[in-house]
Amino acid sequence: MKKAKSLPPQVKFQIALEVLKGEKSAVEIARAYGLHPNTVYKYRDELLSKGASLFSDDAQEKEYERRIRELEQLIGKKEVEIALLKNFLGQGR
């Protein structure tokens with residue numbers, strides 16, 4: 001069985017745009033890129049389904065980043081506490 005081609009995201013995006021423009025058929029585009037037509041349709045469907053996220057406000061991503069920073073700070077504080085306790089108990093040597 002043949003291994004599927006690994007294309008960069010930019011090329012996949014370009015293929016999906018070509019299909020959506022409708023200037024060429026999916027079969028013609030697939031031949032040009034050496035792909036199966038189903039793969040071309042898959043790229044198109046993925047662009048259509050995820051396209052709305054391109055225009056989202058990133059609020060959830062910013063919230064995750066804020067939470068990660070908080071957790072990293074907490075880990076740092078706990079590492080300092082552990083080091084102090086080891087030193088206090090004489091295990092830090």
Side-chain angles (χ1 to χ4, degrees):
M1 189 159 77
K2 281 175 111 177
K3 185 181 175 197
K5 279 190 173 184
S6 179
L7 297 174
Q10 297 87 352
V11 175
K12 292 178 182 180
F13 179 71
Q14 180 62 37
I15 292 169
L17 282 180
E18 286 184 38
V19 173
L20 291 173
K21 286 179 185 176
E23 296 171 358
K24 295 180 186 176
S25 72
V27 174
E28 290 173 324
I29 295 168
R31 278 193 199 124
Y33 288 94
L35 300 171
H36 192 279
N38 288 345
T39 305
V40 173
Y41 288 122
K42 182 180 108 182
Y43 295 160
R44 179 202 62 190
D45 295 343
E46 191 170 347
L47 176 64
L48 291 174
S49 68
K50 294 182 180 177
S53 66
L54 297 173
F55 301 104
S56 68
D57 61 354
D58 296 332
Q60 188 173 16
E61 184 178 335
K62 288 179 183 177
E63 176 61 25
Y64 287 145
E65 289 173 357
R66 183 192 63 76
R67 183 69 177 137
I68 288 170
R69 281 193 305 274
E70 287 178 359
L71 293 172
E72 286 172 339
Q73 288 176 350
L74 182 61
I75 289 171
K77 289 178 184 177
K78 294 301 176 187
E79 287 177 348
V80 169
E81 289 176 6
I82 289 170
L84 288 172
L85 288 171
K86 282 184 176 180
N87 192 25
F88 179 73
L89 295 174
Q91 296 176 359
R93 297 172 227 188

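Just so you know, these numbers come straight off a predicted model, no measurement behind them. The first residue in the sequence is number 1, and the count goes up from there.
- Salt-bridge formation is not detected for the pair Glu28/Arg31: no Lys NZ or Arg NE/NH1/NH2 atom is positioned less than 4.0 Å from an Asp or Glu carboxylate oxygen.
- In the hydrophobic clustering, where aliphatic and aromatic side chains (Ile, Leu, Val, Met, Phe, Trp, Tyr) are joined below 4.5 Å either directly or transitively, Leu84 groups with Val80.
- Atom CD of Glu46 is separated from atom CD1 of Ile15 by 12.0 Å, given to the nearest 0.5 angstrom.
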Using side-chain contact (heavy atoms from CB on, under 4.5 Å), reason through Val27 and Val40 one step at a time and then give a plain yes or no. CA-CA 8 Å; Val27 174; Val40 173; over 6 Å; no
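- Checking Glu18 against Tyr33 by side-chain atom types alone, a donor-acceptor pair falls below 3.5 Å.
- Every residue meeting the side chain to side chain contact (heavy atoms under 4.5 Å, CB included) condition with Glu61, not counting sequence neighbours, appears here in chain and number order: Asp58, Glu65.
- When all heavy atoms of Leu7 and Lys12 are compared, the closest pair comes out as O-CE, 3.3 Å.
- Between Tyr43 and Ala16, the shortest heavy-atom distance links the atoms O-CB, 3.6 Å.
- We find the NZ-CG distance between Lys78 and Leu85 to be 10.0 Å, quoted to the nearest 0.5 Å.
- Once rounded to the nearest 0.5 Å, the distance linking OG1 of Thr39 with CD1 of Ile29 reads 12.5 Å.
- Proximity of Glu79 to Ile82: side-chain heavy atoms (C-beta onward) are nowhere separated by under 4.5 Å.
- Hydrophobic clustering (ILVMFWY, side-chain heavy atoms < 4.5 Å, transitive): Val11 and Leu35 are in one cluster.
- If you chain together hydrophobic residues whose side chains sit under 4.5 Å apart, Leu48 and Phe13 fall into the same group.
- With sequence neighbours left out, Lys77 forms a side chain to side chain contact (heavy atoms under 4.5 Å, CB included) with no residue at all.
- Taking CZ from Arg66 and CZ from Arg69, the interatomic distance works out to 8.0 Å, rounded to the nearest 0.5 Å.
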